[in-house]
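Accompanying notes for the structure given below.
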Amino acid sequence: MFPKQNTIKNKKNKGKVKGLLASSLFSVLFGKPRQMPRLAGLNLSEIRRILVVRDDHIGDLICSTPAFEALKKACPQAELTLVVSTYNAEVVKDNPYIDRILCYEKHKHSHRRWRLGSVWCQYRFLKSLKGKNFDLAIGLRSRFSRRQAQTVFASGAPYRLGHYPDKPRYLYLAFFYNLYVPMSRTRKHEVERTLDVLKSIGIEHPLPKPLVVIDQPARDFATETIASGEIKGYPKIGYHISNRKLNNCWPLTSFASLIELLKRRYPQSEHLITFAPDDEERATQLTSWVSKKGHLVATREIKQLGAIQRHCQLFITVDGAPMHLAAALGIPTLALFGSSLGPAFWHPWGPGHRWLANGDEIADISSQEVFDVAREMLENRKEGGASSRTARAMPVCTA
């Protein structure tokens with residue numbers, strides 16, 4: 001009993017020493033944060049400059065957009081600055097609730113051969129934050145992230161809000177924040193989890209809705225693509241076949257079978273196949289299998305994809321950023337998941353959307369299952385249901 005107690009005590013002492021050393025190191029590198037007048041009495045009306053950090057994936061960032069709206073409405077007098085990676089910045093461009101966007105480049109997105117060069121550039125970026133005099137800095141991820149917390153600390157803001165480290169190996173970095181978000185163990189969607197961060201300082205958002213603004217150049221691209229491809233039929237059904245994790249990709253043979261079923265049901269339908277830039281080979285293969293029934297649509301930017309989605313009456317996709325984008329744009333979205341737990345946290349947010357999962361293997365979802373749900377969604381749209389948008393009659397084959 002006593003040896004065990006001594007071991008726990010030694011670990012706590014080591015954690016305190018590591019925390020003190022880390023605090024000293026980061027204070028030397030970035031300077032100490034400004035002193036706050038009273039930590040327990042955060043007055044939102046006195047806040048003039050807010051920094052929000054959300055530096056992970058595009059889909060996560062889309063799910064965070066309701067939080068930007070909530071924060072700006074709660075603090076209309078404050079300038080809201082968002083830190084994102086260069087890879088994600090396009091999706092929040094023109095968002096009316098964000099005053100300024102600051103970007104840094106991750107090593108995996110850069111052309112630098114040596115990681116040390118990226119580390120130096122990121123260090124200079126973090127140093128530049130200190131002079132902007134932020135009053136409140138927020139780490140918006142739904143759990144502790146070392147990189148995000150480091151950025152919040154480097155800002156020098158007197159009030160620093162984020163999650164307390166949930167892993168023992170990161171406990172010594174708890175000093176990065178001084179306002180902590182209570183950890184929720186309930187299953188909530190990412191939209192709700194990001195809003196919970198703000199709820200901890202008294203900011204509520206009763207009707208959260210993700211927002212992505214599609215600019216005119218992207219709209220022009222989509223219009224020209226539709227016109228040049230002579231894609232005139234109705235309904236237009238979009239598909240996104242790519243995911244950065246191969247085990248989350250629905251088999252191409254299933255996509256091909258699904259397109260055949262939908263084309264048989266809706267003879268005048270058009271089928272738009274979209275894909276990630278590095279997945280063109282698979283997309284071309286799928287297009288060859290469905291012959292003249294599918295149109296290959298290559299998009300260079302995330303907003304070009306969104307503009308194409310706006311022409312669709314239904315968008316069928318695997319889990320990922322295109323799913324969140326379509327849902328944010330109000331396009332009826334049918335999502336396919338490779339995990340039975342994924343939909344609880346990441347399903348397409350909003351009314352009129354559906355999702356399918358069959359255990360932990362996305363390949364186990366049959367094309368017939370997807371067809372049945374897709375047909376139901378299209379018929380509901382035709383009848384002017386909740387998800388209806390520019391609804392019109394769809395010729396169907398009843399044979």
Side-chain angles (χ1 to χ4, degrees), residues 54 56-67 69-70 88 91 140-143 184-197 199 205-212 237-245 247-250 254-255 258 274 276 302 305-306 309-310 312-367 369-378 380-381 385-389:
R54 184 81 210 221
D56 42 356
H57 304 298
I58 292 176
D60 306 61
L61 186 56
I62 293 173
C63 290
S64 299
T65 53
E69 179 182 355
N88 298 350
V91 81
L140 204 56
R141 289 200 195 187
S142 51
R143 62 188 306 169
S184 173
R185 298 299 177 186
T186 59
R187 290 187 182 180
K188 289 185 177 181
H189 192 277
E190 184 67 10
V191 168
E192 297 170 299
R193 290 189 288 175
T194 55
L195 287 170
D196 279 349
V197 175
K199 192 181 293 186
H205 195 318
L207 298 171
K209 185 180 184 304
L211 173 66
V212 178
I237 304 172
Y239 307 83
H240 193 81
I241 66 170
S242 305
N243 189 286
R244 55 194 175 88
K245 297 179 181 178
N247 59 342
N248 284 342
C249 289
W250 203 42
S254 298
F255 272 113
L258 174 62
T274 64
I302 187 67
L305 174 60
Q309 290 174 335
R310 285 171 59 89
C312 297
Q313 282 67 56
L314 174 65
F315 197 76
I316 302 172
T317 175
V318 295
D319 175 30
M323 174 194 73
H324 294 295
L325 178 62
L329 294 173
I331 310 304
T333 304
L334 173 52
L336 311 179
F337 284 85
S339 166
S340 56
L341 293 176
F345 303 102
W346 299 106
H347 64 264
W349 180 265
H353 310 304
R354 302 280 295 274
W355 57 266
L356 286 170
N358 194 342
D360 292 330
E361 294 291 337
I362 194 170
D364 291 340
I365 303 173
S366 71
S367 54
E369 286 179 275
V370 181
F371 168 74
D372 290 339
V373 177
R375 182 178 61 179
E376 182 181 332
M377 294 177 73
L378 287 167
N380 182 51
R381 185 185 185 85
S387 61
S388 179
R389 181 168 168 265

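Everything quoted here is computed from the prediction, not taken from an experiment. Note: hydrogens, waters and symmetry copies are ignored here, and every other heavy atom, side chains too, is used.
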For residues 315-339, which side-chain donor-acceptor pairs fall under 3.5 Å, sequence neighbours excluded?
residue, atom, partner, partner atom, Å
Thr333, OG1, Ile331, O, 2.6
Ser339, OG, Leu341, N, 3.1
Ser339, OG, Gly342, N, 3.4

inquiry  = For a side-chain contact (heavy atoms from CB on, under 4.5 Å) check, start with the C-alpha distance between Arg193 and Cys63, then their side-chain angles and the critical distance, and finish with the verdict.
reply    = CA-CA 9 Å; Arg193 290 189 288 175; Cys63 290; over 6 Å; no

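In this structure, OG on Ser367 lies 5.5 Å from CH2 on Trp250, to the nearest 0.5 angstrom. Separation of atoms NE2 (His240) and SG (Cys249) is listed at 8.5 Å; rounding is to 0.5 Å. Atom-to-atom distance recorded for Trp346:CH2 and His189:NE2 is 7.5 Å, nearest 0.5 angstrom. In this structure, Leu195 CG and Glu69 CD are separated by 9.5 Å, a value rounded to the nearest 0.5 Å. Rounded to the nearest 0.5 Å, atoms CD1 (Ile62) and CG (Leu211) are 10.5 Å apart. Residue Asn88 holds its CG atom at 7.5 Å from CG of Asp56, rounded to the nearest 0.5 Å.
Nearest approach of Ser64 to Leu140, heavy atoms of both residues: CB-CD2, 3.8 Å.
Inter-residue side-chain proximity for Lys199 and Asp196 is flagged as met; some heavy-atom pair is nearer than 4.5 Å. Side-chain contact between Ile237 and Leu378 is present, with at least one heavy-atom pair separated by less than 4.5 Å. A 4.5 Å side-chain heavy-atom check between Ser340 and Asp360 finds at least one atom pair inside the cut-off.
A side-chain donor-acceptor contact under 3.5 Å links Trp349 to the backbone of Pro208. A distance-only check finds no donor-acceptor pair linking the side chain of His57 to the backbone of Gly59 [under 3.5 Å]. No donor-acceptor distance shorter than 3.5 angstrom exists from the side chain of His205 to the backbone of Ala67, with no hydrogens or angles considered. The backbone N or O of Leu61 sits nowhere less than 3.5 Å from a side-chain atom of Thr65 that would complete a donor-acceptor pair.
Within the structure, every pair that satisfies the salt bridge (Lys or Arg N to Asp or Glu O under 4.0 Å) test and touches residues 336-359, not counting sequence neighbours, is listed here: Arg354-Glu376. Sequence neighbours left out, not one pair with a member in residues 329-338 passes salt bridge (Lys or Arg N to Asp or Glu O under 4.0 Å).
Qualifying side-chain hydrogen bond (donor to acceptor under 3.5 Å, both in side chains) partners for Lys209, counting only residues two or more places apart in sequence or in other chains: none. Taking Ala276 as the reference, Ser242, Asp278, Asp279 meet the side chain to side chain contact (heavy atoms under 4.5 Å, CB included) condition, with sequence neighbours excluded. Scanning for side chain to side chain contact (heavy atoms under 4.5 Å, CB included) contacts around Asn248 gives Asn243, Lys245, with sequence neighbours left out.
More than 12 heavy atoms of other shown residues, nucleotides or ligands fall within 6.0 angstrom of atom CZ in Arg375.
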